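In what follows, a structure is listed as structure tokens, so that the remarks can point back to it.
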Protein chains: 2
Amino acid sequence: MHSDTAALYDYRKVVNRPLSTAKHEWDVTLPRNTTRAEPGLRGLTESDRSGPLFVRSLEKAMQVLSAFHHADSPLSLSEIAEQAGVDRSTAQRMVHTLRAMGYIGRAADGHGFVPGIRLLDHTLDYLRLDPLVRRATPILQELRKEVRERVDLSLFDDLRVVYAVRLQSKRQTFYTTLVGHSVPSFCSSGGWAILSRLPNDRVRDILDRSDRRPFTPHTVTEIPEILEKIAETSANGYALTLNQILLGEIAAGFPVLDASGDPVGAIHVAGSLAEWTPEDFVNRNIPLALEAARAISQY
Amino acid sequence: MHSDTAALYDYRKVVNRPLSTAKHEWDVTLPRNTTRAEPGLRGLTESDRSGPLFVRSLEKAMQVLSAFHHADSPLSLSEIAEQAGVDRSTAQRMVHTLRAMGYIGRAADGHGFVPGIRLLDHTLDYLRLDPLVRRATPILQELRKEVRERVDLSLFDDLRVVYAVRLQSKRQTFYTTLVGHSVPSFCSSGGWAILSRLPNDRVRDILDRSDRRPFTPHTVTEIPEILEKIAETSANGYALTLNQILLGEIAAGFPVLDASGDPVGAIHVAGSLAEWTPEDFVNRNIPLALEAARAISQY
DNA sequence: GCCTTCTGTATTGCATAGTGATACGGCTGC
DNA sequence: GCAGCCGTATCACTATGCAATACAGAAGGC
């Protein structure tokens, strides 16, 4: 975990963060800031960024691709330029090149651009090569057979956790099926599970830097309260969240550790409060999931 | 569908295709060439590639990222350089930059590089913004409730179809859960379903350009026979494959059409020949899936 | 033990490759 | 009809990315 702190990059400085404008179908089923979590702060400072090894045109290209992070429909060239913080000419060249390679496509109606299917090839590479995903997948499938609820694997990425493997239950919303979706560490069951295995100062640092806007009226946003929850999690060996990200959702998170005992991800079981009392949910699902999390961990 | 044929790019000319060396766990459960399908031929010719709008450094960067397509473990800089067809210095600069942005990470043991988690952000963008994925997800979930087998949505990409939504059954292998996985059009149920809605010369062209190596002893590889299967598919309105990609697998594929009637993807139902006779499989699952495919189509 | 061969990282002068202002024709909507 | 977008095309300038080369540390052979 400490290995990569040298190469850091705060991409948020260069990618503008416009307010998300809710207007599409799933916005009514999910609080509109569900996609809010941002990629991990990597804080490569100006010094590294101006180093002779840093390829600025590539940086711009990735900013162009990232313009879609805040989009909810196809983007025009000017919109891409604006979102990416580059001028129209640069956007034009980058889009042209990315399009030639399949990383950007045209929208179905011919107006505007959308992410290209070739991106999914890299998704596969990531999932295939990640040792955690490799190890977890069969175990998660076993677990899913026993507990008939949603089961996920999420990966720790600083202020957020990113869903990498998703096994569905019958009740689903759009976002709860998508790989790549992420939620903040500070208020998710996976986040608490991971934070509970991190040193205190690291936890403080993460909470301090987190954008702690609530997802539901019940989202815990005050640091003392979060710390309390994390302490509970630490004592129990798992995290239990009610109504934190989604109203009516109950979720349990279990830390997954690497060989040196550092948390690298979490597995989750999530159900509906309409079907479960918290007690039943815990009694029924926790033991199996705990066992699964231990089996995946290498510590 | 015909809109984007101007921007073409044959990335295979620049990315070497080494033989895949099987040695990891899932290679024993799957034929080793299951990942063989290559990203769609986009054949941007030298003319476009040397145009003043084409950013060569970006091309090299993406080739570097694509080096992982043929990897089954972390890659060293030299390996990346070799796979990507660039010199070590270029690989160094690209890796440095991509790493700073989170698109490449170090392997857990500190030796070599692996794809970075930030790639999953773009996965999410792709899935969120693709109209087909949006429309299909809830319908696929409905369908999954009825037929208790594996249900997928795949997207047409020239010589291959790419899995974008995957709803599991109890019996699973590693690859059958991963988004981004792709299989050739010429021998998959989704591929046949799509080809059955394409004009004849287009089908011929695709078959001619396909690398038609068999996946199993039963894979249909001869063009006349494939054409026959496609004709059947066309007559039935769905494709039925036995042992084509995976031994013991039976799969049905259903074309999904866009507003102008062109096929843009397919949905699948897949089961095990150990549990189903083909007749039962057809009788039990086809009607529901056909209806689902129609509901997703916009034609 | 030493020697070879890998790793990943760092430096530097040169010219090419990317830059960005500016222009154009084709839509859409007022 | 004009205004304002869209995506595309051109071109002179110089900043930017290039590739050869050098380096320290780890791994592996013998």
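Every value quoted in this text rests on a predicted model; they were computed, and no experiment measured them. Just so it is clear: chains get the letters A, B, ... in the order the sequence lines come, proteins before strands, and each one is counted from 1.
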> If you measure from the C1' atom in dG17(D) to the same atom in dC13(D), how many Å do you get, rounded?
Replying inline: 16 Å
> Given atom CZ of R106(B) and atom C1' of dG8(C), what is their separation to the nearest angstrom?
Replying inline: 7 Å
Filtered N/O pairs between nucleotides 14-16 of chain C and protein, under 3.5 Å:
none

>> Could you work out, with salt bridge (Lys or Arg N to Asp or Glu O under 4.0 Å) as the rule, every residue matching D208(A), not counting sequence neighbours?
In response: R204(A)
> I80(B) has an atom CD1; how far is it from atom C1' of dC6(C), in whole Å?
Replying inline: 15 Å
> Is S57(A) near enough to dG17(D) that one of its side-chain N or O atoms lies under 4.0 angstrom from OP1 or OP2?
Replying inline: yes
> Over how many whole Å does the gap from E59(B) atom CD to dG17(D) atom P extend?
Replying inline: 16 Å
>> With salt bridge (Lys or Arg N to Asp or Glu O under 4.0 Å) as the criterion, how do R160(A) and D121(B) come out once you've worked through the C-alpha distance, each side chain's angles and the decisive distance to 0.1 Å?
In response: CA-CA 12 Å; R160(A) 60 178 194 157; D121(B) 292 322; 2.7 Å; yes
> For atom P, what is the distance between dA19(D) and dG18(C), given to the nearest Å?
Replying inline: 10 Å
>> Which residues pass the side-chain contact (heavy atoms from CB on, under 4.5 Å) test with D201(A), not counting sequence neighbours?
In response: P199(A)
>> Give me the atom names and distance for the closest heavy-atom approach of A193(B) to A266(B).
In response: CB-CB, 4.4 Å
> Which pair of non-hydrogen atoms, one from Q298(B) and one from R135(B), has the smallest distance, and what is that distance?
Replying inline: CG-NH1, 3.0 Å
>> Quick check: closest heavy atoms across T97(A) and V55(B), and the distance to 0.1 Å?
In response: OG1-N, 2.9 Å
> Where does the angle between the aromatic ring planes of H181(B) and Y163(B) fall among parallel (under 30°), tilted (30 to 60°) and perpendicular (over 60°)?
Replying inline: parallel
> What is the per-nucleotide protein-contact pattern of nucleotides 22-30 of chain C, from the 5' end, where B denotes a base atom under 4.0 Å from a protein heavy atom, S denotes such proximity for sugar-phosphate atoms only, and - denotes neither?
Replying inline: -B-------
> Between L58(A) (CG) and dG17(D) (P), how many Å, whole number?
Replying inline: 9 Å
> Would one find a side-chain N or O of R56(A) under 4.0 angstrom from OP1 or OP2 of dA17(C)?
Replying inline: no
> To the nearest angstrom, how far is L77(B) atom CG from dG25(D) atom C1'?
Replying inline: 15 Å
> Rounded to whole angstrom units, what separation is found between the CG atom of D87(A) and the P atom of dG7(D)?
Replying inline: 15 Å
>> If the condition is side-chain contact (heavy atoms from CB on, under 4.5 Å), which residues does S297(B) pass it with, not counting sequence neighbours?
In response: V256(B), L257(B)
>> Which is more 5' along DNA chain D, the nucleotide nearest V55(A) or the one nearest V95(A)? Just name the residue.
In response: V95(A)
>> Quick check on DNA chain C: between E79(B) and K60(A), whose nearest nucleotide comes earlier from the 5' end?
In response: E79(B)
> CE of M94(A) versus P of dG18(C): gap in Å, rounded?
Replying inline: 8 Å
> Residues in side-chain contact (heavy atoms from CB on, under 4.5 Å) with R88(A), at least two apart?
Replying inline: S78(A), A81(A)
>> With a 4.0 Å cutoff (strictly under), does any side-chain N or O of S78(A) reach OP1 or OP2 of dC6(D)?
In response: yes
> Roughly, in whole Å, what's the span from CG in L75(A) to C1' in dC6(D)?
Replying inline: 14 Å
>> Give me the atom names and distance for the closest heavy-atom approach of R128(B) to F68(A).
In response: NH2-O, 2.7 Å
